[in-house]
Structure formats: C-alpha cells, structure tokens
Visitor: 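Before I ask anything, here is the structure I am working with.
These numbers come from a predicted model, not from an experiment.
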Amino acid sequence: MTTPSVTPRLTPLHDVHAALGASFTDFAGWQMPVRYASETAEHRAVRTSAGLFDLTHMGEIELVGPGAGAALDHALVGRPSAIGVGRARYSMICAEDGGIIDDLVVYRLADEHFLVVANASNVAVVAPELAARAADHDVTVTDTSADWALLAVQGPASAEILSGLTDLHVPDLTYYAIDAGTLAGSDVLLARTGYTGEDGFEIYCRPGDAAAIWSALSTAGQAHGLVPAGLACRDTLRLEAGMPLYGHELDRDTTPYEAGLGRVVVLDKPAGFVGQEALARREEEGPRRVLVGLVATGRRSPRAGYPVVDPATGAEVGVVTSGSPSPTLERPIAMAYVPPALAAPGTRVQVSLRGTLEDADVVELPFYRRNR
C-alpha cells in the first residue's frame with residue numbers, strides 16, 4: 001500500500017522566495033522559506049537593522065458578536081474581555097486538565113470583534129475548539145486563515161522602514177497595539193508585535209496584496225540593511241529571547257505554570273473557564289518541573305530531546321526542549337525542563353550529547369534582552 005502524497009500549501013509569496021534563492025522546509029503542511037543564504041547573517045541583521053519574514057502559515061480565527069468577549073473569557077486562561085480596542089494580549093487555550101492546547105495572541109479589533117492568531121500546526125484544532133466553547137454565547141466563530149497573509153518586519157530599523165509606507169503614525173502604535181490603515185497602497189492591519197525579542201511589526205493583509213507589500217518593504221529597507229529572513233533565524237531569535245515554541249516548550253502535557261507563564265492565567269474569573277479547576281490545583285501545588293535556560297561550557301550545542309543529567313547522582317532528571325549556537329552570545333544555549341531543585345541560576349547540570357556528558361550552567365531567561 002502506498003501513502004497518498006499531500007500537496008504542500010504555498011503562501012502567496014512562494015515565487016518571491018524562490019526568486020530570492022530560498023531553501024524551503026515543510027512546516028505544518030506549508031512549504032516555507034527556512035533561509036535565503038546564511039541564517040546567522042539573517043539573525044544578526046534582525047538584531048542590528050531589520051529582517052522581513054513571511055508568516056502566512058499562522059492561523060487567524062475571528063469572533064464577532066456581542067458575546068465575543070465572554071466567549072473568549074470562557075475559552076482561554078486570560079480575560080480577553082478586558083482588552084481595549086486596538087490592543088493585543090498573549091494568552092493560551094488549555095484542556096480541562098490544564099495542558100496547553102496552544103498559545104495565542106488575541107487582538108481586539110472592535111467592541112464585538114476579536115482576532116485570535118494560532119500556531120500553524122494547531123489552527124485546525126483551535127478553531128473548532130473555540131467554536132464549541134463559544135456555543136452558549138452570542139458570537140460567530142470563523143476560521144479566516146485563508147483570507148489573510150502575514151508579513152513581519154523585525155529589528156531596530158523596522159519603525160523607520162514602515163513610516164514612509166503607511167498612512168498610520170507609526171510612533172503612536174505602542175507595543176502590543178494594532179490599527180487598521182494602508183501600507184504601500186493596500187489595506188492592512190498593522191500590529192507592533194513579534195517573536196524575535198526586537199522592536200517590530202506584523203502586517204496582516206489580503207493574500208493578493210502580499211507580493212506588492214513585500215516588494216515595497218524590500219525597497220524601502222535597502223538603505224537600512226533589511227534582508228529577507230527565514231524560519232531558521234526566527235527560531236534562534238526567539239530562543240535567545242526566551243520565548244517558548246509550541247511543540248518544544250509547550251504541549252498538552254505542560255501547564256502554563258511549568259513553562260513560567262503562570263502570569264497569563266486569571267484564576268478568579270467569576271464565570272469560570274475551561275481548565276480552571278486543574279490550573280488552580282497546579283498553581284497551589286507548585287510546578288513539578290521548571291523551564292530554565294542553559295549555557296553550555298563547551299562548544300557543542302544541546303539539542304531538543306537531549307537528556308539533562310544531575311551530576312550529583314548521574315540520573316536523567318530533565319530534557320532539553322530547544323538548543324542552538326547563539327549568534328549573539330557566541331555560546332551554545334538551550335532551554336530545558338528540570339526539577340525545581342536544579343532550577344536556580346548558577347546550578348551546574350550536565351547534558352547528554354549523544355552519550356557524551358557536557359557541563360551546562362542554569363541561567364535566567366531570557367538570554368538576550370534588547371535595549372529600549
């Protein structure tokens with residue numbers, strides 16, 4: 001028996017990426033640019049000037065109606081009904097047992113209109129789950145992912161690059177804010193958010209407008225050193241910034257408290273929410289494991305899945321969730337789950353790198369924090 005092939009999904013910018021010489025990778029069924037030349041050079045461009053990303057694989061779910069805020073309060077661990085119009089908030093959707101189904105960004109576009117952005121690998125789960133949880137509220141839940149393309153300009157030069165292309169006053173758009181306007185002559189939603197640890201913007205546009213916007217941004221960014229940037233450097237950027245990635249630091253077996261994200265959980269919502277009882281219990285009990293940063297003392301990088309070893313006993317006590325050489329720190333870095341007793345900064349642990357034990361030191365996250 002042969003397995004039927006699945007045609008990869010292409011973003012409206014696929015031909016643009018191919019013309020730029022991109023290497024592609026499969027990501028949740030999408031063929032996405034992973035790098036154009038050097039992922040290290042792309043990483044450093046974002047830290048020092050700017051990078052231009054295609055993030056169209058992300059999923060968009062819209063909730064419209066007078067019950068939208070209450071529905072999201074019931075469905076998510078935070079309180080989206082308290083988000084002001086034109087603002088955004090990081091949140092999560094958890095299962096009844098408190099395990100994380102996905103981490104999300106929630107935008108409030110109007111009093112009765114919310115835009116929920118889900119990870120590409122989870123949108124097919126999140127959209128019907130939100131619809132089911134909203135069933136008793138006066139709201140319409142629609143997966144509108146096919147209606148949107150998503151570009152991102154990230155880096156210290158991003159605001160200056162955008163300012164000459166949009167009718168919006170970019171300096172007025174504060175961090176985690178969103179506004180509607182035009183950019184390069186096309187209607188967009190412009191949000192000051194990102195996943196790199198740098199100042200930056202995400203641009204939601206119609207798929208048919210994406211190529212023209214990409215071209216305008218590329219031209220405007222030339223004088224600032226903007227480069228096209230792929231998913232490989234996005235991963236090292238978010239790792240340095242200590243930002244968790246679903247499927248690595250976050251999954252169904254992990255609660256927000258273990259991931260160091262208990263601050264996003266609002267336990268005292270009067271109407272309750274899915275997972276409330278389990279999360280309250282886990283908050284009271286304390287985490288069974290803790291997400292920490294590791295800096296390896298040698299030259300080899302810990303990688304996802306490598307065991308963490310307690311040097312005092314030789315026992316495997318944790319696991320690396322993400323790891324890579326850090327272009328900014330010029331050291332191997334990683335995030336890992338370890339027992340609370342080994343989570344204090346300065347603690348020496350070991351990582352088994354294909355059977356060879358290498359020393360690593362626990363450090364506070366993030367590894368990198370930009371100057372504001």
Visitor: Which atom pair, heavy atoms only, marks the closest approach of P207 to A149?
Guide: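 Closest approach of P207 to A149, heavy atoms only: CA-CB, 3.9 Å.
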
Visitor: Applying salt bridge (charged side-chain N to carboxylate O under 4.0 Å, His left out) to D147 and R206, what does each step give before you reach the verdict?
Guide: CA-CA 6 Å; D147 297 335; R206 298 308 172 194; 5.1 Å; no

Visitor: Does one hydrophobic cluster hold both V290 and V308, with members joined at side-chain heavy-atom distances below 4.5 Å?
Guide: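 Yes, one cluster joins them.
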
Visitor: Hey, does the side chain of S324 reach the backbone of S326 with a donor-acceptor pair shorter than 3.5 angstrom?
Guide: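 Checked: no pair found.
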
Visitor: Between the main-chain N or O of G155 and the side-chain N or O of S158, is there a donor-acceptor pair closer than 3.5 Å?
Guide: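 Present.
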
Visitor: Give a yes or no on whether a salt bridge exists between R289 and D253, defined as a side-chain N under 4.0 angstrom from a carboxylate O.
Guide: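 A salt bridge is absent here (no side-chain N lies under 4.0 Å from a carboxylate O).
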
Visitor: Using modelled atom types and a 3.5 Å cut-off, is there a donor and acceptor pairing between side-chain atoms of N122 and backbone atoms of V125?
Guide: no

Visitor: Keeping S49 on the side-chain end and G225 on the backbone end, is there a donor-acceptor pair under 3.5 Å?
Guide: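 Present.
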
Visitor: Return yes if some donor-acceptor pair links the side-chain N/O of T48 with the main-chain N/O of R44 below 3.5 Å, else return no.
Guide: yes

Visitor: Could you tell me which non-hydrogen atom of A71 sits nearest to which non-hydrogen atom of L63, and how far apart they are?
Guide: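 Residues A71 and L63, closest heavy atoms: CB-CD2, 4.5 Å.
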
Visitor: Evaluate Y90 against L104 for side-chain contact (heavy atoms from CB on, under 4.5 Å), listing each step before the verdict.
Guide: CA-CA 6 Å; Y90 177 77; L104 314 158; over 6 Å; no

Visitor: Evaluate salt bridge (charged side-chain N to carboxylate O under 4.0 Å, His left out) for K269 paired with D73, printing each intermediate quantity in order.
Guide: CA-CA 8 Å; K269 287 186 282 186; D73 285 355; 5.2 Å; no

Visitor: Cation-pi between R331 and F367: NZ/CZ under 6.0 Å from ring centre and within 45° of the ring axis?
Guide: no

Visitor: Let me see the working for R9 and D26 under salt bridge (charged side-chain N to carboxylate O under 4.0 Å, His left out), right down to the final yes or no.
Guide: CA-CA 9 Å; R9 301 178 68 181; D26 175 82; over 6 Å; no

Visitor: Looking at T236 and C233, what are the two nearest heavy atoms and their distance?
Guide: OG1-O, 3.0 Å

Visitor: Cationic tip of R282 within the cone over Y257's six-membered ring, i.e. under 6.0 Å and within 45° of the normal?
Guide: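 No, a cation-pi geometry is absent between R282 and Y257.
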
Visitor: Run the side-chain contact (heavy atoms from CB on, under 4.5 Å) test on F273 and L267 for me, step by step, so that the C-alpha distance in whole Å, both residues' side-chain angles and the decisive distance to 0.1 Å come before the verdict.
Guide: CA-CA 8 Å; F273 63 96; L267 286 172; 4.2 Å; yes

Visitor: Hydrogens and angles aside, do T182 and D187 bring a side-chain donor and acceptor to less than 3.5 Å of each other?
Guide: no

Visitor: For T321 versus E249, what's the shortest heavy-atom pair and its separation?
Guide: OG1-OE2, 2.7 Å

Visitor: Does V34 share a hydrophobic cluster with L239, counting links as ILVMFWY side-chain heavy atoms below 4.5 Å and allowing steps through other members?
Guide: no

Visitor: Identify which one of R234, Q154, R238 satisfies the side chain to side chain donor-acceptor pair (under 3.5 Å) criterion when paired with T196.
Guide: Q154

Visitor: I would like to know whether F27 and H57 meet ring-ring contact (aromatic ring centres under 6.0 Å, His included); could you show each step before the answer?
Guide: CA-CA 8 Å; F27 193 100; H57 59 310; 5.1 Å; yes

Visitor: Say whether L250 and M335 are linked into one hydrophobic cluster, either directly or through other cluster members, by side-chain heavy-atom distances under 4.5 angstrom.
Guide: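 In one cluster with L250: M335, no.
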
Visitor: So, the side chain of Y246 versus the backbone of I101: is there a donor-acceptor pair under 3.5 Å, distance only?
Guide: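 Side chain of Y246 to backbone of I101: a pair is present.
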
Visitor: Within the side chain of E358, is there an N or O that forms a donor-acceptor pair under 3.5 Å with the backbone of S352?
Guide: no

Visitor: Would D103 and S91 count as a side-chain contact (heavy atoms from CB on, under 4.5 Å) if you check the C-alpha gap in whole Å, the side-chain angles of each, and the deciding distance to 0.1 Å?
Guide: CA-CA 6 Å; D103 63 329; S91 191; over 6 Å; no

Visitor: Among the clusters formed by ILVMFWY side chains lying less than 4.5 Å apart, do V105 and F53 turn up in the same one?
Guide: yes

Visitor: Indicate whether the side chain of N119 and that of S121 have a donor and an acceptor atom separated by less than 3.5 Å.
Guide: no

Visitor: How many angstroms lie between CG in D209 and CG in L183, if you round to the nearest 0.5 Å?
Guide: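 It is 10.5 Å, given to the nearest 0.5 Å.
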
Visitor: Once you measure the plane-to-plane angle for W148 and Y204, does it fall in the parallel (<30°), tilted (30-60°) or perpendicular (>60°) bin?
Guide: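 The arrangement is perpendicular - the two ring planes meet at more than 60°.
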
Visitor: Is there a donor-acceptor pair closer than 3.5 Å between any side-chain N or O of R192 and the backbone N or O of L173?
Guide: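 Yes, the answer is positive, given that a donor and an acceptor are paired below the 3.5 Å cut-off.
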
Visitor: Taking all non-hydrogen atoms of both residues, which atom of S145 and which atom of E60 are closest, and how far apart?
Guide: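 Heavy-atom minimum between the residues: OG-N, 2.9 Å.
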
Visitor: Tell me whether the centres of the aromatic rings in W214 and H17 are closer together than 6.0 Å.
Guide: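 Yes - the distance between ring centres of W214 and H17 falls below the 6.0 Å cut-off.
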
Visitor: For A68 versus E112, what's the shortest heavy-atom pair and its separation?
Guide: CB-O, 4.2 Å

Visitor: Mind checking the CG-CG spacing from D54 to L150? Nearest 0.5 Å is all I need.
Guide: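 So the gap between those two atoms works out to 8.0 Å.
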
Visitor: Between T142 (side chain only) and T144 (backbone N and O only), is there a donor and an acceptor less than 3.5 Å apart?
Guide: no

Visitor: Please tell me whether T193 and E202 have a donor and an acceptor in their side chains that are separated by less than 3.5 angstrom.
Guide: yes

Visitor: Give a yes or no answer on whether the side chain of S322 reaches the backbone of A334 with a donor-acceptor pair at less than 3.5 Å.
Guide: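 No; judged by distance alone, with no hydrogens or angles, the pair does not exist.
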
Visitor: In the structure I gave you, are the side-chain heavy atoms of V292 and E364 within less than 4.5 Å of one another anywhere?
Guide: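 The answer is no; the side chains never approach within 4.5 Å.
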
Visitor: Less than 4.0 angstrom from a charged side-chain N to a carboxylate O is my criterion; do E277 and R281 meet it?
Guide: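 No, no charged N to carboxylate O under 4.0 Å.
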
Visitor: Are more than 12 heavy atoms from other residues, nucleotides or ligands located less than 6.0 Å from atom CZ of R369?
Guide: no

Visitor: Checking E198 against Y368: is there a side-chain donor and acceptor pair closer than 3.5 Å?
Guide: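 Per modelled atom types, Y368 and E198 side chains form a pair under 3.5 Å.
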
Visitor: For the atom pair OG (S81) and CG (L76), what is the distance rounded to the nearest 0.5 Å?
Guide: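 Going from the OG atom of S81 to the CG atom of L76 covers 10.5 Å.
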
Visitor: As a quick check of understanding, evaluate side-chain contact (heavy atoms from CB on, under 4.5 Å) for L151 and L55, giving each step before the final call.
Guide: CA-CA 6 Å; L151 284 65; L55 306 178; over 6 Å; no

Visitor: Do the side chains of L245 and L291 join up, straight or via other hydrophobic residues, at under 4.5 Å, putting them in one cluster?
Guide: no

Visitor: With a 4.0 Å cut-off on N to O distance, would you call E62 and R108 a salt bridge?
Guide: no

Visitor: Answer yes or no: does atom CD of E284 have more than 12 heavy-atom neighbours from other residues, nucleotides or ligands under 6.0 Å?
Guide: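 Atom CD in E284 is not packed in, count stays at 12 or less.
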
